[in-house]
Amino acid sequence: MRGVFGVASFALACALAVPGPTAAADSTYSPEATAIDNVCNAYRSHAHADDFVRLARVGGIDAPWMTAGAGAVARAQESSTFVAGDFVTIVLDHGALVSADLSHLDGPTGRIVLHAWCFIGGKLSRASAEVYLTYDRSTGYTKTRYYGDDLDQPLAEYRGEKWSGPKSNGPPSKDIDALLVVEPDAKPPDLPFYDAFQLARKGALPHLK
């Protein structure tokens, strides 16, 4: 990705200069959040192929991290022996980690729990948690928080949900709330897979076949 940050960060700085909401919960509109979305969404949409790093561990949290191409990830998930796995997509801008997401997939149930982070200027600006009840992500819940300098006081928070069938078929709301936990990792090195990412950049991880 080339040249996105310079223009988009100016828009972000202007928006952040506008007084924001004093409370983050259930915001209906936030200029700060819109500006952050513009920057964060541009990171991925303008990224080149070599700006992506993909990691996977299949079988559980004790399984080793591996680098993984899209084809290898699809084969792992479609395998009849697939039970569970964690899959990471990292986006770089001029070599710096600016965006990342971590998906945990449960083979028997089809449930996906996803956490995503976006960093602007090396600091967390957006973090989200998503829970989907099926692999096609047609039914699920989302929560997104936007941050300035204080991670304890988000600038805004949004919740969402979508359904492809009767809503009564969904799990109890308390079960979803237990999974919709936004992880506010302040800087890229705080991410739970950062060490594996560093090894991947050095070519020191095996490849998922």
Side-chain angles (χ1 to χ4, degrees), residues 40-41 43-44 47 49-93 95-119 124-145 147 151 159-162 170-171 175-209:
C40 292
N41 296 343
Y43 282 147
R44 186 177 289 253
D50 58 359
D51 291 323
F52 289 92
V53 177
R54 293 180 174 86
L55 307 173
R57 60 182 179 189
V58 179
I61 60 174
D62 294 329
W65 283 108
M66 295 178 281
T67 58
V73 168
R75 288 191 294 273
Q77 296 175 5
E78 294 167 1
S79 170
S80 60
T81 60
F82 178 74
V83 175
D86 296 311
F87 303 93
V88 171
T89 300
I90 293 166
V91 181
L92 306 177
D93 181 24
L97 190 159
V98 293
S99 176
D101 59 68
L102 167 64
S103 297
H104 176 78
L105 280 65
D106 183 78
T109 66
R111 176 178 286 180
I112 302 171
V113 179
L114 183 145
H115 290 94
W117 303 263
C118 174
F119 303 91
L124 181 68
S125 294
R126 186 179 73 186
S128 62
E130 304 177 21
V131 177
Y132 297 100
L133 307 182
T134 57
Y135 276 135
D136 64 4
R137 302 191 184 188
S138 61
T139 299
Y141 306 80
T142 65
K143 180 192 293 183
T144 303
R145 287 178 178 164
Y147 298 94
L151 297 186
R159 294 170 180 256
E161 60 182 62
K162 61 180 180 177
D175 292 347
I176 294 299
D177 287 342
L179 295 171
L180 276 177
V181 178
V182 176
E183 303 286 357
D185 292 305
K187 296 180 179 180
D190 299 324
L191 293 169
F193 44 81
Y194 189 80
D195 289 345
F197 160 66
Q198 291 288 70
L199 291 173
R201 298 187 81 179
K202 297 175 182 177
L205 287 184
H207 296 277
L208 181 66
K209 302 296 185 181

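All values derive from a computational prediction rather than experimental measurement.
- Put simply, CG on Leu151 and CZ on Arg145 are 11.0 Å apart, with the number rounded to the nearest 0.5 Å.
- Pro108 is listed as a side-chain neighbour of Asp106, based on a closest heavy-atom distance under 4.5 Å.
- Ala68 pairs by the side chain to side chain contact (heavy atoms under 4.5 Å, CB included) definition with Ala56, Val73, Leu208, not counting sequence neighbours.
- The nearest pair of heavy atoms linking Leu105 to Ile112 is CG-CG1, 4.0 Å.
- To the nearest 0.5 Å, atoms CZ (Arg159) and CG (Asp177) are separated by 6.0 Å.
- For Arg54, the salt bridge (Lys or Arg N to Asp or Glu O under 4.0 Å) test picks out no residue, with sequence neighbours left out.
- Asn41 meets the side chain to side chain donor-acceptor pair (under 3.5 Å) test with Arg126; sequence neighbours excluded.
- When all heavy atoms are compared, the tightest approach of Ala129 to Val181 is CB-O, 3.7 Å.
- Annotation: side chain of Leu124 is in contact with side chain of Pro184 (closest heavy-atom distance under 4.5 Å).
- A distance of 5.0 Å separates CD1 in Ile90 from CG in Leu55, rounded to the nearest 0.5 Å.
- Summarising the geometry, atom CZ belonging to Phe119 is positioned 10.5 Å from atom OH belonging to Tyr43; distances are rounded to the nearest 0.5 Å.
- Looking at residues two or more places apart in sequence or on another chain, you find no salt bridge (Lys or Arg N to Asp or Glu O under 4.0 Å) involving Asp185.
- Residues in residues 193-209 take part in these side chain to side chain donor-acceptor pair (under 3.5 Å) pairs, two or more places apart or across chains: Thr67-His207.
- Going from atom CG of Leu102 over to atom CG of Leu191 covers 9.0 Å, rounded to the nearest 0.5 Å.
- When all heavy atoms of Val53 and Leu92 are compared, the pair lying nearest together is CG2-CD1, 4.1 Å.
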Give the C-alpha distance, both sets of side-chain angles, the deciding distance and a yes or no for side chain to side chain contact (heavy atoms under 4.5 Å, CB included) between Trp117 and Asp190. CA-CA 11 Å; Trp117 303 263; Asp190 299 324; over 6 Å; no
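- With sequence neighbours excluded, no residue satisfies side chain to side chain donor-acceptor pair (under 3.5 Å) with Ser80.
- Summarising the geometry, atom NE2 belonging to His115 is positioned 9.5 Å from atom CD belonging to Glu130; distances are rounded to the nearest 0.5 Å.
- Take Lys162 and apply the side chain to side chain contact (heavy atoms under 4.5 Å, CB included) test, not counting sequence neighbours, and it matches Tyr132.
- Applying the side chain to side chain contact (heavy atoms under 4.5 Å, CB included) test to Ala74 and every residue at least two apart in sequence or in another chain returns Glu78.
- A ring-ring contact (aromatic ring centres under 6.0 Å, His included) check over residues 54-92, counting only residues at least two apart or in different chains, returns nothing.
- Partners of Asp86 by side chain to side chain donor-acceptor pair (under 3.5 Å), not counting sequence neighbours, listed by chain and number: Arg57, His104.
- Contact detail for Ala76 and Val58: the closest heavy-atom pair is CB-CG2, 4.3 Å.
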